[in-house]
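Data block below; observations after.
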Amino acid sequence: MKIASPLITHTLFTLGPVPITTPVVTTWAIMAVLTLGAWAATRRLALRPSRLQAGLEVIVDMISGQIRETMDAPPAPYLPLIGTLFIFVLVANWSSLIPGVEPPTAALETDAALALIVFGATIFFGVRAVGPGHYLLTFAQPSLFMVPLNVVELFTRSFSLTVRLFGNVMSGVFMIGIVLSLAGLLVPIPLMALELLTGAVQAYIFGALAMVFIGSAIGEASQREAKT
Amino acid sequence: MHINWWTLALQTINVLVLVWLLSRFLYTPVLAAIAARQAAADKLLADAEAARVAATAQEATLKARTDAFAADAERRRAEVQAGADADRARLLDQAKQEVADLHKEAESAAGEERKKAQATLEVDAATLAGQMAAKLLDRLPGDITTEAMFRALVDRLATLLKEERDRLATGSLQVITPGTLSDQDRARFGFALAAALPGLTAPVFAVDPELIAGFELRTPQMVLRNSWRADLDDLLHALREDAHARTG
Amino acid sequence: MNWIHLVSILGAAFAISIGAIAPALAQGRAVAAAMDAIARQPEAASTVSRTLFVGLAMIETMAIYCLVIALLLLFANPFA
């Protein structure tokens, strides 16, 4: 029995010099579904909410509340990024429910892209909060000896963010694939249910960690601002 | 293992585009809707608060008006009460007055009645006495009583003051008797009178059976009663005085 | 099947075994502490269990790291 490697992404076709892989196409599909769904749901928003509108408002309100609690800041500037990360990771993880679809988050490139965005957003919001000079000074907190550690941490936590999401989703897909090849019909269902739970928890953890990173960047900056 | 850098770049762009798309199509409208509902709720609360304040003010006004009405009603009631009291007192007084008047009137009417009855009684008594006296007199010869009464008249004349005698004498004297006197008697009595009343002109004789017995001298100025009728009247008068003195 | 393949398979099995034992102990401790906390404060059960789930997922990530290493050894061995 030959088991296919879960670490390889398949190129579907090439667009000029650009190879288009399966995760990219799946991501496009997810983007289209999310955007069309959001457009259709928010097309007719009323003061007296429908059931759908009430659900949307609950979701948005919940994410805003989480941002406010975790980052201790007004949620408006961070809501699009954090909310989109959470919703996209959740939908991508759960897309494994559709037969024949491999979740894009099971590919290392997608997770690396998400972590890269969080990395960039951390620096962007930190710089925006206090300016570039002050933001660089935060790496020397609490003392100058901490600078290498802080810089290394900046990269390692992005890397761990990538590998955590990738490992969890990929291992789930891999395990279900193995069990499916061994047993067939109904046996993988408990594993799929566990995969749903893991996917939701990982989406929440990804969003929460992004909040913590950005919050620590602007928090240190604002603490330093208050000190000076 | 190899990292497909094209895929990494595409996925990064994809996610950034998705961030923009969802921000455009999901978060902005939903947040706007939430803000609109918040604003509406705030407005509603403000309106409700304003309405409550207005209602409180109106209630206060109404209460003040009601109080004013109540005070007015109380005042009017007091006024009416006072008026009624005054009216009642006045009516009571009036009624009392009327009752007193009626009482007095009735009393006076009763007194009048009594007086009238008394008078009638007296008249009856006088008539009766007259008739009795006449009956008694009938048992005596007329001359005796006439003589006696004439002597009494002459005695009376003697007791009068001179002015009174003069007045009797100068007036056109009328001599009243109960029965018709004979000419002889008339002459005799005329002389006797002339003796008693100096300057007497010839008297005129007249008859009045009411006298029963005796003489009466009448002039336009004065009357000298000397008859049983006069005596009976005096007696009745004295009896009445006695009765009044006893009852009064 | 040269010796590098053999060592890779043994290394993968060793990595998975270590990656199963240590997170198992850690998760056991975490669950025990959470049960203790819930027994002490039943009204905080929802908060505690939410935090427990996140913590368990974090701990499980350690096992996942080991799994990734094992899969790298098996399917993407740079020396094979």
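The figures that follow rest on heavy atoms only: side chains count, while hydrogens, waters and symmetry mates do not.
Rounded to the nearest 0.5 angstrom, Phe25(B) CZ and Leu34(A) CG are separated by 12.5 Å. How far CD1 of Ile13(B) is from CD1 of Ile117(A): 10.0 Å, rounded to the nearest 0.5 Å. For the atom pair CG (Leu31(B)) and OG1 (Thr42(A)), the distance works out to 11.5 Å, reported to the nearest 0.5 Å.
The candidate with the highest count of non-hydrogen atom pairs below 4.5 Å against chain B, out of Ile20(A), Ile30(A), Thr27(A), Asp111(A), is Thr27(A). Per-residue heavy-atom pair counts under 4.5 Å with chain A were compared for Leu21(B), Asn4(B), Thr12(B), and the maximum is reached by Asn4(B). Chosen from Asp61(A), Ile87(A), Leu79(A), Leu116(A), the residue pairing most often with chain B at heavy-atom distances under 4.5 Å is Leu79(A).
Only the side chain of Val60(A) comes within less than 4.5 Å of a heavy atom in chain B; its backbone stays farther off. Neither the backbone nor the side chain of Ile63(A) comes within contact range of chain B; no heavy atom of the residue lies under 4.5 Å from a heavy atom of that chain. Neither the backbone nor the side chain of Ile59(A) has a heavy atom closer than 4.5 Å to any heavy atom of chain B. Looking at Ala36(B), the atoms closer than 4.5 Å to chain A (heavy atoms on both sides) sit in the backbone and in the side chain alike. Both the backbone and the side chain of Leu16(B) come within contact range of chain A, with heavy atoms under 4.5 Å apart. Proximity to chain A involves both the backbone and the side chain of Leu26(B), based on heavy atoms less than 4.5 angstrom apart.
Val17(B) and Met31(A) get closest at one heavy-atom pair: CG1-CE, 3.7 Å. Closest non-hydrogen pair, Pro19(A) versus Trp6(B), comes out as CD-CD1, 3.4 Å.
Leu18(B) has its side chain within reach of Thr35(A): a pair of non-hydrogen atoms, C-beta onward, lies under 4.5 Å apart.
Atom CD of Glu59(B) sits in a sparse spot, with 12 or fewer heavy atoms from other residues, nucleotides or ligands closer than 6.0 Å. In this structure, Arg24(B) places its CZ atom where only 12 or fewer heavy-atom neighbours from other residues, nucleotides or ligands lie under 6.0 Å away. Heavy-atom neighbours of Arg51(A) CZ from other residues, nucleotides or ligands within 6.0 Å: at or below the threshold of 12. Counting non-hydrogen atoms of other residues, nucleotides and ligands closer than 6.0 Å to CD of Glu49(B) gives a total above 12. Residue Asp72(A) qualifies as open at atom CG: its count of foreign heavy atoms under 6.0 Å is 12 or below.
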Derivation of the side chain to side chain contact (heavy atoms under 4.5 Å, CB included) call for Thr84(A) and Tyr27(B): CA-CA 10 Å; Thr84(A) 306; Tyr27(B) 305 117; 3.5 Å; yes
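Looking only at distances, no side-chain donor or acceptor of Gln11(B) sits under 3.5 Å from a matching main-chain atom of Glu109(A).
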